[in-house]
Amino acid sequence: MLRTFAYVRPASVSEALKQIEGRGAHIHAGGTDLVGCLRDGVFEASTIVSLAKIDELRGIAVAPDGELRLGALATIAEIASHAAVVEKFAALSQAASLVASPQLRNQGTIGGNLCQRPRCWYFRGDYACTRKGGDTCYALAGENQYHGIFGGGACVIVHPSDMAPALIALDAKVRIVGPKGARVIPLEQFYVLPEKDATRETVLEPGEMVLGVIVPAPPAGQKSGYRKVRARGSWDFAMAGLAHAVTMKAGRVAGARLVLSGVAPAPWRLPAVEKLLVGQKLDPALIARAAAAAVAGAAPLGHNGYKVPLVRGLIEEVLGGIPPV
Ligand SMILES: Cc1cc2nc3c(=O)[nH]c(=O)nc-3n(C[C@H](O)[C@H](O)[C@H](O)COP(=O)(O)OP(=O)(O)OC[C@H]3O[C@@H](n4cnc5c(N)ncnc54)[C@H](O)[C@@H]3O)c2cc1C
């Protein structure tokens, strides 16, 4: 049974900040993850701070210089279908359209999608696991078919968001505000790996919240996309996915950002593969080397070894589909 909590609906960011300062306060955006966490006893809340009345957090806009600005309360469905996002930021619209189900996309927001808690069944279940401050990651020797092959160690969760890897491929920044003021950081630096702290997923400090996301105008000629592999045709998290943003010039790769989903505790960028590609022609030999480099250092667990060839296949399929100009 849910414990009793206070429910407040501030009308401005400054009012919200006063409310989330307190211990046990949790932000409620669409509630599609928060309510599940409360019901599953992942954490308890003394106060739920609804953002629903804060209009300044809504909206999707393209600035005159082509920069995309998303308010934290922009819904996943709005982002998936926004004409400018579909045309210029394909990786983001594709990732958004592949999140969960239509009902969840209508209700869920970008802020909540980036800050959602992991889906590991031990973390969501009645286990005092590492992520809850315990000393055991039960997935390491347990049911780990959907867990990570990179960056784990003390905790082998996978980061659940499809939109975060797409946004990182597009070089997005996240706008944060808290008691000490506002800051803007690359989304890539927003996530925390278990080697640093296995009990948190983001760098948000107590009392901080996400205001929105900024995506720079794509460079001329950049093509982006998001490919997601899941166990079922719909309504499922990624077993593995690949977001790409690749710029071709005169038949060669002029720029590349590749980010995997579903394989690590944070969106997993592939800098060594990106470096391998830049300046080269995307021919079959290079793509084969890129696929091998993408899984170098993978550490599969007892039941998720299939993710290694899956990632190789994603790299081959996605890079093989990029036109030479
Ligand atoms: C059945 C199911 C299937 C799903 N499948 C997918 C999937 O395939 N891909 C995928 O990416 N996701 C998937 N999800 C997750 C879903 O996308 C998230 O639940 C949703 O995006 C969360 O958004 P929300 O607005 O409802 O967040 P909420 O539930 O309101 O909040 C989620 C968390 O973020 C915090 N939070 C919310 N807004 C802010 C903010 N502005 N600043 C700081 N913290 C904030 C909350 O306190 C809470 O901890 C699935 C969820 C379900 C239930």
Side-chain angles (χ1 to χ4, degrees), residues 5 7-10 13 16-17 19-21 24-40 42-52 54 56-58 70-80 91-92 94-119 121 123-124 146 158-168 174-178 182-183 187 190-191 200-213 226 228-241 243 261-262 267:
F5 50 77
Y7 188 79
V8 293
R9 297 180 91 191
V13 168
L17 287 177
Q19 300 285 354
I20 61 174
E21 249 176 10
H26 287 270
I27 291 173
H28 177 241
T32 60
D33 181 52
L34 177 77
V35 175
C37 287
L38 292 174
R39 291 188 75 96
D40 292 346
V42 173
F43 51 76
E44 289 182 342
S46 53
T47 306
I48 298 291
V49 183
S50 166
L51 303 181
I54 309 181
E56 63 195 284
L57 293 177
R58 297 191 187 283
L70 306 167
L73 286 182
T75 67
I76 300 167
E78 285 166 351
I79 294 168
L92 178 59
Q94 289 170 20
S97 69
L98 292 168
V99 169
S101 63
Q103 294 89 338
L104 288 159
R105 293 195 290 274
N106 282 332
Q107 181 69 15
T109 64
I110 180 73
N113 188 266
L114 299 181
C115 298
Q116 61 177 299
R117 304 304 309 272
R119 285 276 151 185
W121 36 47
F123 173 68
R124 297 262 168 170
Y146 298 119
V158 292
H159 178 73
S161 166
D162 288 306
M163 297 168 81
L167 284 165
I168 292 171
V174 60
R175 293 169 55 227
I176 296 169
V177 69
R183 56 191 176 123
L187 184 60
F190 184 62
Y191 294 105
R200 66 200 296 208
E201 292 89 50
T202 74
V203 298
L204 284 179
E205 296 294 341
E208 283 193 321
M209 62 184 279
V210 170
L211 287 178
V213 175
Y226 181 66
K228 173 177 179 179
V229 178
R230 49 193 168 181
R232 300 178 296 191
S234 68
W235 184 307
D236 218 344
F237 291 88
M239 294 161 95
S261 62

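Start at 1 and go down the list; that is how both ligands and their atoms are numbered. We number each residue from 1, following the sequence as shown.
Here the shortest heavy-atom distance to atom 21 (O) of ligand 1, taken over Leu211, Ile176, Asn113, belongs to Asn113. If you check each of Ile27, Val49, Leu57 against atom 47 (O) of ligand 1, the one with the closest non-hydrogen atom is Ile27. When the heavy atoms of Arg117, Gln116, His159 are ranked by distance to atom 16 (C) of ligand 1, first place goes to Gln116. Scanning Ala16, Ala52, Cys115 for the heavy atom closest to atom 44 (N) of ligand 1 points to Cys115.
Checked against a 3.5 angstrom limit, the closest N/O atoms of Val99 and ligand 1 fall outside it. At least one N or O atom of Asp236 sits closer than 3.5 Å to an N or O atom of ligand 1. Ligand 1 has a nitrogen or oxygen under 3.5 angstrom from a nitrogen or oxygen of Asp162. Ligand 1 has an N or O atom lying under 3.5 Å from an N or O atom of Thr32, backbone or side chain. For a threshold of 3.5 Å applied to N or O pairs, the pair formed by Asp33 and ligand 1 contains at least one separation below that value. The shortest N/O to N/O separation between Ala238 and ligand 1 does not fall below 3.5 Å. By the 3.5 Å distance cut-off applied to N or O atoms, Gly108 is not counted among the residues near ligand 1. By the 3.5 Å distance cut-off applied to N or O atoms, Arg119 is not counted among the residues near ligand 1.
Distance CG/Leu73 to CD/Glu56: 10.0 Å, rounded to 0.5 Å. The CG atom of Asn113 lies 11.5 Å from the CZ atom of Arg105; values are rounded to the nearest 0.5 Å. Atom NE2 of His26 sits about 9.0 Å away from atom SG of Cys37, to the nearest 0.5 Å. Note: Leu211 CG to Leu51 CG = 10.0 Å, rounded to the nearest 0.5 Å. We find the CZ-CD distance between Arg9 and Gln19 to be 13.0 Å, quoted to the nearest 0.5 Å. Taking CE of Met163 as the reference point, atom CG of Leu92 lies at 5.0 Å (rounded to 0.5 Å).
For the pair Met239 and Arg230, the tightest heavy-atom approach, listed with the atom from each and the gap, is SD-C, 3.5 Å. Residues Pro160 and Phe237 come closest through the heavy atom pair O-CD2, 3.6 Å. Taking both residues in full, the closest heavy atoms of Lys228 and Ala238 are given as CE-N, 3.7 Å, listed atom of the first, atom of the second, then distance. Summarising the geometry of Leu114 relative to Tyr191, their closest heavy-atom pair is O-OH, 2.9 Å, with the distance given to 0.1 Å. Taking every heavy atom of both residues into account, Glu205 and Arg200 meet most closely at OE2-NH2, 3.7 Å. Closest heavy-atom contact between Met209 and Val13: SD-CG1, 4.4 Å.
When non-hydrogen atoms are compared, ligand 1 lies under 4.0 Å from the side chain of Leu104 (C-beta onward) but not from its backbone. Of all the heavy atoms of Ala72, the ones lying under 4.0 Å from any atom of ligand 1 belong exclusively to the side chain. Contacts of Leu73 with ligand 1, taken as heavy-atom pairs under 4.0 Å, are absent altogether. When heavy-atom distances to ligand 1 are checked against a 4.0 Å cut-off, Ser101 has no atom that comes that close, whether in backbone or side chain. Contact annotation for Lys228 and ligand 1: only side-chain heavy atoms (C-beta onward) come within less than 4.0 Å of the ligand.
If you number the atoms of ligand 1 from 1 as listed, the ones under 4.0 Å from a heavy atom of Leu51 come out as 41 (N). Each of the atoms 42 (N), 43 (C) of ligand 1 lies under 4.0 Å from some heavy atom of Met209. Counting the atoms of ligand 1 from 1 in the order shown, those under 4.0 Å from a heavy atom of Leu204 are 43 (C). For ligand 1 and Ser161, the ligand atoms under 4.0 Å from any heavy atom of the residue are 11 (O). Near Ala29, meaning under 4.0 Å from any of its heavy atoms, are these atoms of ligand 1: 25 (O), 30 (O), 37 (C), 38 (N). The distance from ligand 1 to the heavy atoms of Ile76 drops below 4.0 Å at these ligand atoms: 17 (O), 21 (O). Per-residue contacts place Thr109 under 4.0 angstrom from the following atoms of ligand 1 (heavy atoms of the residue considered): 21 (O), 23 (O), 24 (P), 25 (O). Residue-ligand proximity, Pro160 to ligand 1, at heavy-atom distances under 4.0 Å covers atoms 9 (N), 10 (C), 11 (O).
Between Trp121 and Tyr146, the angle of the ring planes goes over 60°, which puts this pair in the perpendicular group of the 30/60° scheme.
Here the protein heavy atom with the shortest distance to atom 24 (P) of ligand 1 is Gly30 N, 3.5 Å. Of the protein's non-hydrogen atoms, the one nearest atom 5 (N) of ligand 1 is Ala100 CB, 3.3 Å. Taking atom 1 (C) of ligand 1 as the reference point, the nearest protein heavy-atom neighbour is Trp235 NE1, 3.1 Å. Looking at atom 28 (P) of ligand 1, its nearest protein heavy atom turns out to be Gly31 N, 3.4 Å. The protein heavy-atom contact nearest to atom 41 (N) of ligand 1 is Val210 O, 3.0 Å. Looking only at heavy atoms of the protein, atom 13 (C) of ligand 1 is closest to Phe237 CE2, 3.2 Å. Residue, atom and distance of the protein heavy atom nearest to atom 31 (O) of ligand 1 are Gly112 CA, 4.0 Å.
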Decide yes or no on side chain to side chain contact (heavy atoms under 4.5 Å, CB included) for Asp162 and Gln94, but give the supporting numbers first.
-> CA-CA 9 Å; Asp162 288 306; Gln94 289 170 20; over 6 Å; no

Can Leu38 and Phe43 be said to form a side chain to side chain contact (heavy atoms under 4.5 Å, CB included), step by step?
-> CA-CA 6 Å; Leu38 292 174; Phe43 51 76; 3.8 Å; yes

Residues Tyr226, Ser97; criterion side-chain hydrogen bond (donor to acceptor under 3.5 Å, both in side chains); working and verdict = CA-CA 10 Å; Tyr226 181 66; Ser97 69; over 6 Å; no

Walk me through it: do Arg175 and Val210 pass the test side chain to side chain contact (heavy atoms under 4.5 Å, CB included)?
-> CA-CA 6 Å; Arg175 293 169 55 227; Val210 170; over 6 Å; no

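Arg119 and Asp40 are not joined by a salt bridge, as no carboxylate oxygen comes within less than 4.0 angstrom of a charged side-chain nitrogen.
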